Amino acid sequence: MKFRKQSHIDGPQEHDEILFSTPFDYLFPDLARSPECLLPEGEQTVSALKELGKLMADPGDAGAPNEQLDSSVPAAYTYLGQFIDHDITARTDRNGPVSTIGEAETIEPVDPDVIVRDLRNGRRAVLDLDSVFGDGPGLAGTHLPSTTQSSDLYDEELTLRMFDDGRGRVDLPRHDRKAIIADMRNDENVLVSQLHTAFLKLYNETYARQTGTQRERHIRARQLTRWAYQSVVANDYLTKVCDNGVALDTLANGPRFLGPSTGRTANFMPLEFSVAAFRFGHSMIRPFYELNSKSDKVDLLALLGTSGNAENFDADGQLTKARIVDWRRFVGRGSKVQHARKVDTKIARGLFTLPGDAGGDPVLAHLAQRNLLRGFSLSIPTGQAVADAFGISPLGASELKKGETREIATLLSDSGFDQRTPLWYYVLREAAIQQGGEVLGEVGSRVVCETIVGLLKQDPNSYLANAHDPAINDRGVDVAPGRGGRINDLADLLRFAAIGF
Ligand code: HEM
């Protein structure tokens, strides 16, 4: 199944997923162009980054719980983070003409001007669920340079296609096990895939409660779904994973480093967010999960590369019952709720032997090495430089090393990374030092809140800009009449979508 698109520039095209093309840029363009704010160029830096990535890989103990590594954040928020990432940013995540980081490559920082000119974001930098809705049936192409065919996502009723056997087995619509959704990355692992399914259901349930013509019901249900999602992101997600002071300050007072107040009016996705800070979520991933009440601990690796893993499917080509997520084990306060791992410099087993697009390349199969080398290749400023730019006092060399393993501390000193620290690593280390790994620290919280709140505040269609609408109130967004229709946090959203609740 391919999505067809008519591009004004390139003519007819076919893709596995629905793509847009919008700009990336740096939050701090001057830093990216100042050698002293970047890692030093050269083979030594590349070797040190590979070594640091290797040392971050936590082999863990197969299936053994280790609560000390857990945070108090319920595990569903990890995948809400990944889902948000896939809604707003794409294409810093793979090799292409601008950046290649395979084992055999000579990796050098690319000129920031070339990056900003040639690396295009494959999503709209708007929290509008383009990863779920495509452009909407019959609404395509009115304001974009290309027309995308998204009618394959909808059935004739204008509900979103999904699989539901009526007995709790809900899944993405699939053909030959491959998901038919607007962003294939949302089938990259079983958890994000089940969360995408919950969003399909959220829209469909909301649609079912609207009145009017099909088109009117579609437009209103899509708007309410987006608003509910946006308010969960702003009021629930950000306050769970970021320093609360920073989250509330940015929500109340707006971003200070992104948007019109900076004199830069063009909308863009900040590279510091996509390539470094928002990848903090990689450290929240657990090495195993109990998916439902009948599930053993399933190794993360078995859940990755969903459609490539036959074990995940029944003969009908849909996810098998054992892989259906019971969200009560992933949100809320119950004793059976699993928690995200702490935000720190440890990366779980399964993430250094990635299936998927790695094609046997050891660097591409290793998420920590991949993040570090991608940041170097895409000229992301160091943690210290970004801290300075925010007016935050940077972590000192001894703070960065204190409590780290001896091997890491030595590597940081020998490579000079204790003075010029890769931003992704800095953000993780800062969270561990300042917040005991519970939430992001000062710099990480700033980049994440500035970006996400900035995108919301720039969007004239967001729930913030439409506070006059009767569906929007202080306690959430009403997607349907009655108490169950009010969505204030992720648990409400999943409950309304009635998946496992
Ligand atoms: C099992 C879960 C996950 C896996 C296997 C995974 C894997 C990956 C991989 C392989 C990349 C590309 C790396 C590169 O080549 O540069 C990537 C990119 C990225 N990841 Fe994850 N990830 C997961 C969860 C998350 C979570 C929880 C978050 C955030 C909360 C996140 C945020 C990002 C971001 C922002 C990018 C860059 C996206 C872009 O601009 O193209 N990921 N991830």
Side-chain angles (χ1 to χ4, degrees), residues 17 19 22 24 49 53 73 75-96 98-102 105 107 115 119-123 125 131 183-195 233 237-238 240-242 268-289 298-306 340-341 343 347-359 361 363-378 380 423-424 427-428 431 439-440 444 447-448 451-452:
E17 55 191 11
L19 295 181
T22 61
F24 281 114
L49 290 171
V73 176
Y77 290 88
T78 307
Y79 296 92
L80 178 60
Q82 190 179 24
F83 183 86
I84 297 167
D85 143 30
H86 295 171
D87 179 28
I88 56 181
T89 176
R91 294 291 176 274
T92 71
D93 56 354
R94 60 201 76 182
N95 283 350
V98 177
S99 164
T100 43
I101 56 166
E105 308 287 342
I107 308 171
I115 294 170
L119 186 67
R120 301 284 297 170
N121 186 2
R123 297 252 71 88
S131 55
D183 191 322
M184 287 306 287
R185 295 174 302 168
N186 280 347
D187 196 30
E188 181 269 349
N189 66 70
V190 168
L191 287 145
V192 77
S193 163
Q194 283 278 284
L195 189 59
V233 171
Y237 178 76
L238 287 185
K240 285 257 180 349
V241 303
C242 294
F268 62 89
M269 172 50 66
L271 286 157
E272 293 88 337
F273 173 91
S274 298
V275 187
F278 205 59
R279 297 188 185 203
F280 81 95
H282 291 160
S283 87
M284 294 169 77
I285 298 165
R286 299 173 64 80
F288 53 82
Y289 290 92
V298 185
D299 249 20
L300 174 66
L301 203 48
L303 303 175
L304 297 179
T306 311
R341 283 290 158 103
V343 183
I347 298 302
R349 213 159 61 104
L351 296 176
F352 23 102
T353 48
L354 290 174
D357 65 354
D361 186 295
V363 163
L364 294 179
H366 197 297
L367 192 52
Q369 290 187 337
R370 229 167 131 156
N371 287 334
L372 291 165
L373 291 168
R374 191 72 72 201
F376 178 61
S377 158
L378 292 177
I380 301 300
L423 183 58
W424 179 62
V427 160
L428 298 179
V439 294
L440 286 165
V447 178
V448 169
T451 304
I452 291 184

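Atoms within each ligand, like the ligands themselves, are counted from 1 in listed order. Positions are given from 1 along the sequence. What you are looking at is a predicted structure, and each value in this text was computed from that prediction instead of being measured.
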Hey, what do you get for CZ (Arg123) to NE2 (His86), rounding to the nearest 0.5 Å?
10.0 Å
Gln82: side chain to side chain donor-acceptor pair (under 3.5 Å) partners, not counting sequence neighbours
Glu188, Asn189
Minimum-distance protein heavy atom relative to atom 27 (C) of ligand 1
Thr78 O, 3.0 Å
Would you check whether Thr89 has a nitrogen or oxygen atom less than 3.5 angstrom from a nitrogen or oxygen atom of ligand 1?
yes
Tell me, which protein residue and heavy-atom name are nearest atom 5 (C) of ligand 1, and how many Å apart are they?
Glu188 OE2, 2.6 Å
Is it the side chain, the backbone, both or neither of Arg91 that has a heavy atom closer than 4.0 Å to ligand 1?
backbone
Among all the protein's non-hydrogen atoms, which is closest to atom 15 (O) of ligand 1, and how far away is it?
Arg370 NE, 2.6 Å
Please state whether the rings of Tyr77 and Tyr237 are parallel, tilted or perpendicular, taking 30° and 60° as the class boundaries.
parallel
Between Arg374 and ligand 1, does any nitrogen or oxygen pair lie at a separation below 3.5 Å?
yes
For the residue pair Phe273 and Phe278, does the interplanar ring angle fall in the parallel (under 30°), tilted (30 to 60°) or perpendicular (over 60°) class?
parallel
Side chain, backbone, both or neither: which part of Asn189 has a heavy atom under 4.0 Å from ligand 1?
side chain
Measure from the side-chain N and O atoms of Asn95 to the backbone N and O of Ile101, and report whether any donor-acceptor pair falls under 3.5 Å.
yes
In the protein, which heavy atom is nearest to atom 2 (C) of ligand 1, and how far is it?
Ile285 CD1, 3.3 Å
Could you tell me whether Ile84 approaches ligand 1 through its side chain, its backbone, both or neither, with non-hydrogen atoms closer than 4.0 Å?
neither
List-wise, which protein N, O or S atoms are found short of 2.8 Å from atom 21 (Fe) of ligand 1?
His282 NE2
Is the backbone of Asp85 close enough, under 3.5 Å, to the side chain of Thr89 for a donor and an acceptor to pair up by distance?
no
Arg286 and Leu191, any side-chain heavy atoms less than 4.5 Å apart:
no
What do you reckon, does Met284 put a non-hydrogen atom under 4.0 Å from ligand 1?
no
Determine whether the side chain, the backbone, both or neither of Leu304 has a heavy atom under 4.0 Å from any heavy atom of ligand 1.
side chain
Distance-only donor-acceptor check, side chains Thr92 and Arg374, under 3.5 Å:
no
Heavy atoms only, cut-off 4.0 Å: how does Thr92 contact ligand 1, side chain, backbone, both, or neither?
both
Nearest non-hydrogen protein atom, atom 29 (C) of ligand 1:
Phe278 O, 3.1 Å
